[in-house]
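Here is the structure we will look at, set down as structure tokens.
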Amino acid sequence: MPLDEYRQANLENWNDRAGIHAESRMYDLAGYVANPGRLSATVEFDRSKLGDVRGKSLLHLQCHIGTDTISWSRLGASVTGVDFSDKAISIARKLGIDTDASARFEVAELYETPKVISEQFDVVYTGVGALCWLPDIAEWANVVSRMLKPGGTFYVRDFHPMLLAMDTDRNDDQLVVTYPYSGEQAFRFDSATTYTDGPALKHRISYEWNHGIADTVTSLLDNGLQIVALSEYPFAASQIMNCMVKQADEQWHLPQGDSLMPLMFSIKATKPA
Ligand SMILES: C[S@@+](CC[C@H](N)C(=O)[O-])C[C@H]1O[C@@H](n2cnc3c(N)ncnc32)[C@H](O)[C@@H]1O
């Protein structure tokens, strides 16, 4: 099925980013090859919250260039990563080979995942910059539910919709709500840079959507999942606003302190057996 113009623009933008990220200091792919015990910071954070994945089949939605997927494989899961970026998937496949990981990677637009991957999984995992690229959160939750085995576990940790509603271009520490907290409206961004070091993007235009916590939780409930845990965090995994400062925990906090607003959230849910 051809992508709509929003997702076609995002695909070109993400194919550019994948190549840049693979060469970046931030993703440090060589580090995973050199150190067989290396886990991504994302998986280091999420592993205690998701729980033991040893011996479980795990589907990673929007897996990007595979660093988190390979990390779950190193913790004993049998992993499949999917992403709509063919460039990201070819980099992830190479990383899988270079690290001797037993990992499968497939190109799939999020909403097409059930057509590309026929089996169901013990664990479905996603996050850290995933949901904002999806126009329809209810349909996303339907895909999550369809890909989970009965009795399986879903886990997402992502940027909080309140943070994504903020003006992120400011150079002061004012917190200015600029984008709607939730809804179907797409936001157009024009940026020559990605979030890592590296050269400028050729395809600068991207579109994002914001999904409020209630919409995300309700979509999961409507698709038969039971919420086991919902957490909010006063820090983020990357510097979304220029005023954010990295603290000793290696997370990005607001300079005003931790009580002002949440910057990330996580949800753990199960599909009844
Ligand atoms: C920020 S990355 C996910 C980050 C991941 N946590 C990491 O750092 O490796 C977002 C991913 O979503 C993918 N993506 C965006 N829109 C998508 C869509 N409609 N279907 C499938 N993948 C999509 C992009 O290709 C990209 O790899």
Side-chain angles (χ1 to χ4, degrees), residues 1-22 24-29 31-32 38-47 50 58-73 79-93 95-96 103 105-117 124-137 139-140 142-144 147 155-159 163-164 186-187 189 191 193-196 198 201 203 205-211 236-240 264 266:
M1 194 181 82
L3 296 178
D4 57 34
E5 76 178 271
Y6 296 141
R7 277 175 286 179
Q8 185 58 39
N10 284 351
L11 176 58
E12 289 164 2
N13 180 269
W14 274 106
N15 272 339
D16 278 9
R17 291 191 199 219
I20 295 168
H21 293 179
S24 70
R25 283 193 298 276
M26 182 179 152
Y27 276 94
D28 181 27
L29 296 190
Y32 291 87
R38 166 98 182 258
L39 300 178
S40 70
T42 300
V43 170
E44 282 287 12
F45 188 96
D46 290 330
R47 60 188 290 195
L50 171 55
L58 182 150
L59 176 67
H60 184 185
L61 299 170
Q62 295 176 256
C63 68
H64 197 40
I65 56 177
T67 48
D68 298 336
T69 328
I70 296 291
S71 300
W72 288 117
S73 154
V79 297
T80 301
V82 289
D83 198 285
F84 80 160
S85 162
D86 47 304
K87 177 88 180 171
I89 289 298
S90 75
I91 293 163
R93 283 182 181 146
L95 181 65
F105 290 99
E106 301 290 350
V107 176
E109 206 279 327
L110 186 284
Y111 299 103
E112 302 284 308
T113 307
K115 290 187 193 151
V116 177
I117 307 281
V124 174
Y125 170 81
T126 190
V128 190
L131 302 195
C132 64
W133 303 103
L134 303 176
D136 186 336
I137 201 70
E139 193 49 34
W140 163 82
N142 181 261
V143 170
V144 167
M147 299 312 295
Y155 179 87
V156 56
R157 178 170 58 97
D158 214 331
F159 297 109
L163 173 59
L164 299 183
F187 297 102
F189 293 95
S191 172
T193 55
T194 178
Y195 52 85
T196 68
L201 298 167
H203 298 92
I205 305 300
S206 65
Y207 295 90
E208 294 186 30
W209 293 263
N210 202 6
H211 306 292
S238 48
Q239 188 182 24
I240 303 292
M264 292 196 89
S266 67

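Just follow the structure's listing: the first ligand is 1, and inside any ligand the first atom is 1. Note that the structure is predicted; figures quoted are calculated from it, not measured.
- Of all protein heavy atoms, the one lying nearest to atom 4 (C) of ligand 1 is V128 O, 3.3 Å.
- Nearest to atom 26 (C) of ligand 1 by heavy-atom distance, out of D83, T196, L110, N15, is D83.
- Contact record, S71 with R38: OG-O, 4.4 Å, taken as the closest heavy-atom pair.
- Remark: of the listed residues N15, N13, I20, N13 is the sole one forming a side chain to side chain contact (heavy atoms under 4.5 Å, CB included) with R17.
- Residue G66 places every heavy atom at 4.0 Å or more from ligand 1.
- Contact record, L164 with C132: CD1-CB, 4.0 Å, taken as the closest heavy-atom pair.
- Closest to atom 2 (S) of ligand 1 among all protein heavy atoms lies W14 CH2, 3.6 Å.
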- Dump the intermediate steps for side chain to side chain contact (heavy atoms under 4.5 Å, CB included) on F105 and L95, then the final yes or no. CA-CA 10 Å; F105 290 99; L95 181 65; over 6 Å; no
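- For the ligand labelled ligand 1, residue N10 lies outside the 4.0 Å heavy-atom shell.
- Nearest protein heavy-atom contact of atom 10 (C) of ligand 1 is G129 O, 3.3 Å.
- No part of W140 comes within 4.0 Å of ligand 1, judged by heavy-atom distances.
- For atom 19 (N) of ligand 1, the nearest protein heavy atom (residue, atom name, distance) is E109 OE2, 2.6 Å.
- Among Q62, E208, M26, the residue whose heavy atom lies closest to atom 12 (O) of ligand 1 is Q62.
- Each of D28, D68, D46, T67 was evaluated against S40; a single residue qualifies, D68, per the side-chain hydrogen bond (donor to acceptor under 3.5 Å, both in side chains) test.
- Across D158 and G129, no two heavy atoms sit closer than the pair OD1-N, 2.6 Å.
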- Task: Determine, step by step, whether W133 and F84 satisfy the ring pair (Phe, Tyr, Trp, His ring centres under 6.0 Å) criterion, reporting the C-alpha distance in whole Å, the side-chain angles of both residues, the deciding distance to 0.1 Å, and the verdict.
- Result: CA-CA 11 Å; W133 303 103; F84 80 160; 8.6 Å; no
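- Separating the CZ atom in F45 from the CG atom in L50 is a distance of 12.5 Å, to the nearest 0.5 Å.
- With sequence neighbours excluded, the residues forming a side-chain contact (heavy atoms from CB on, under 4.5 Å) with L61 are L59, V82, L110, T113, V124, T126, V144, listed by chain and number.
- Here is the list of ligand 1 atoms found below 4.0 Å of a heavy atom in S85: 25 (O).
- A88 does not count as a contact of ligand 1, since none of its heavy atoms falls under 4.0 Å from the ligand.
- For I65, no nitrogen or oxygen atom sits less than 3.5 Å from a nitrogen or oxygen atom of ligand 1, counting backbone and side chain alike.
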- Message: Between I91 and Y27, does the side chain to side chain contact (heavy atoms under 4.5 Å, CB included) criterion hold? Intermediate values first, please.
- Response: CA-CA 12 Å; I91 293 163; Y27 276 94; over 6 Å; no
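- With F84, Y27, W133 as candidates, the residue nearest to atom 14 (N) of ligand 1 on a non-hydrogen basis is F84.
- Ion pair E12/K87 not flagged as a salt bridge, since none of the NZ, NE, NH1 or NH2 atoms sits closer than 4.0 Å to an Asp/Glu carboxylate oxygen.
- In terms of protein heavy-atom proximity, atom 6 (N) of ligand 1 is closest to G127 O, 3.1 Å.
- Atom 9 (O) of ligand 1 has its closest protein heavy atom at H64 CB, 3.4 Å.
- Those atoms of ligand 1 that come under 4.0 Å of a heavy atom in Y195, given as number and element, are 1 (C).
- In A108, the part holding a heavy atom less than 4.0 Å from any atom of ligand 1 is the backbone.
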